[in-house]
Amino acid sequence: MGSLTRKIWLIVYYVIGTRFPTQPMPGYKIGYALRRFLISRIAESCGKDIIVKQACYIGAGIGLRIGNRAQLGHNARFGREVTIGDDVLMGPDVVIMTDTHAFEELEVPINKQGKLETQPVVIGNDVWLGTRVIIMPGVTIGDKSVIGSGSIVTKNIPPHSIAVGNPARVIRMRGEKTKLTN
């Protein structure tokens, strides 16, 4: 796809597509269909039956790969070079960062030091990202993991993990029974 065509789809997405309703508002199916169509024209690859909620920010869609049946949350925000697997569920306000700035030179203002190399993020298949999860650059979240709301993920999360906190840490594995205590 040409650069101009991509830019046109981005303009339509941000001006119109991000504003269409999300469930349970009337017309949400039209909003989902429109956003799915637009994202399929913008992302590097886009699976079938995805759901993109309102106000989802994808930058220019550079390096964005979305698996089948993935749900991108309301007001989510992604950097470049993000891979989202099949059947991912995402709460509102999720942030996936892939870029950061240099800051080591004390004699040079931070805003003059420039950005560092993009560090891709990979979200595996069948992952649930709770509300307001932040994923830092270079992180991989393994298949079938759950990241609790408000967590900040600074390191890779192994498959089947349940991770929470700041920084996020694995508290147990999916499939393990928890003991209820009073």
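Gln54 is linked by a side-chain contact (heavy atoms from CB on, under 4.5 Å) to Thr22, Arg35, His74, counting only residues two or more places apart in sequence or in another chain. Listed by chain and number, the residues in a salt bridge (charged side-chain N to carboxylate O under 4.0 Å, His left out) with Arg169 amount to none (sequence neighbours excluded). With sequence neighbours excluded, the residues that form a side-chain contact (heavy atoms from CB on, under 4.5 Å) with Asp49 are Arg69. Qualifying salt bridge (charged side-chain N to carboxylate O under 4.0 Å, His left out) partners for Asp126, counting only residues two or more places apart in sequence or in other chains: Lys144, Arg174. Residues forming a salt bridge (charged side-chain N to carboxylate O under 4.0 Å, His left out) with Lys115 (at least two apart in sequence, or on another chain): Asp99. Applying the side-chain contact (heavy atoms from CB on, under 4.5 Å) rule to Ala33 yields the partners Arg36; only residues at least two apart in sequence or on another chain are considered. Asn68 is linked by a side-chain contact (heavy atoms from CB on, under 4.5 Å) to Lys48, Asp86, counting only residues two or more places apart in sequence or in another chain.
Apart from Tyr32 itself, the hydrophobic cluster it occupies contains Tyr28, Ile51, where clustering links Ile, Leu, Val, Met, Phe, Trp and Tyr at side-chain heavy-atom distances under 4.5 Å. Clustering of Ile, Leu, Val, Met, Phe, Trp and Tyr side chains at separations under 4.5 Å places Leu89 together with Trp128, Val146, Ile162, Val164, Ile171. If you chain together ILVMFWY residues whose side-chain heavy atoms come under 4.5 Å of each other, Phe103 ends up grouped with Ile110.
Remark: the Arg80 side chain and the Thr98 side chain contain no N/O donor-acceptor pair separated by less than 3.5 Å.
The structure places OG of Ser40 at 7.5 Å from CD1 of Ile50, a figure rounded to the nearest 0.5 Å. Ile135 contributes atom CD1, which lies 10.0 Å from atom OG1 of Thr140 (distance to the nearest 0.5 angstrom). Rounded to the nearest 0.5 Å, atoms CD1 (Ile58) and CG (Leu64) are 6.0 Å apart. The distance from the CG atom of Leu129 to the CG atom of Asp93 is 12.5 Å, given to the nearest 0.5 Å. Remark: Met97 CE to Ile152 CD1 distance equals 10.0 Å, nearest 0.5 Å. Put simply, CD on Glu44 and CZ on Arg65 are 4.5 Å apart, with the number rounded to the nearest 0.5 Å.
Within the 4.5 Å cutoff, side-chain heavy atoms of Ile84 are placed close to those of Met90. When side chains are defined from C-beta on, Ile16 does not count as touching Ile11, because their heavy atoms never get closer than 4.5 Å. Within the 4.5 Å cutoff, the side chain of Ile134 has heavy atoms near those of the Met136 side chain. Between Asn166 and Ser151, every side-chain heavy-atom pair lies at or beyond the 4.5 Å cut-off. Residues Ile66 and Ile39 are in side-chain contact: their nearest non-hydrogen atoms beyond the backbone lie under 4.5 Å apart.
Listed by first and then second residue, the side-chain hydrogen bond (donor to acceptor under 3.5 Å, both in side chains) pairs that reach into residues 11-20 come to none, sequence neighbours excluded. Listed by first then second residue, pairs satisfying ring-ring contact (aromatic ring centres under 6.0 Å, His included) with a partner in residues 131-155 number zero, not counting sequence neighbours.
Residues Leu10 and Val52 share a single hydrophobic cluster, defined by chaining ILVMFWY side chains whose heavy atoms lie under 4.5 Å apart. Note on Leu72: it clusters hydrophobically with Val12, by side-chain heavy-atom contacts below 4.5 Å among ILVMFWY residues. A continuous path of hydrophobic side-chain contacts links Val15 to Phe37 [ILVMFWY only; heavy atoms under 4.5 Å]. One hydrophobic cluster holds both Ile30 and Trp9 under the rule that ILVMFWY side chains link at heavy-atom gaps under 4.5 Å.
No donor-acceptor distance shorter than 3.5 angstrom exists from the side chain of Arg6 to the backbone of Ala43, with no hydrogens or angles considered. A donor-acceptor contact shorter than 3.5 Å is absent between the side chain of Ser145 and the backbone of Ala163.
Within a 6.0 Å radius of CD1 in Ile8, other residues, nucleotides and ligands contribute more than 12 heavy atoms.
The side-chain contact (heavy atoms from CB on, under 4.5 Å) test with Val121 singles out one residue from Ile96, Thr83, Val153, Ile141, and that residue is Ile96.
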**Request:** Begin from the C-alpha positions of Glu105 and Lys112 and carry the test salt bridge (charged side-chain N to carboxylate O under 4.0 Å, His left out) through to its verdict.
**Result:** CA-CA 10 Å; Glu105 301 296 325; Lys112 303 288 187 213; over 6 Å; no
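Heavy atoms only, all atoms of each residue included: Pro26 and Pro21 are closest at O-CG, 3.4 Å.
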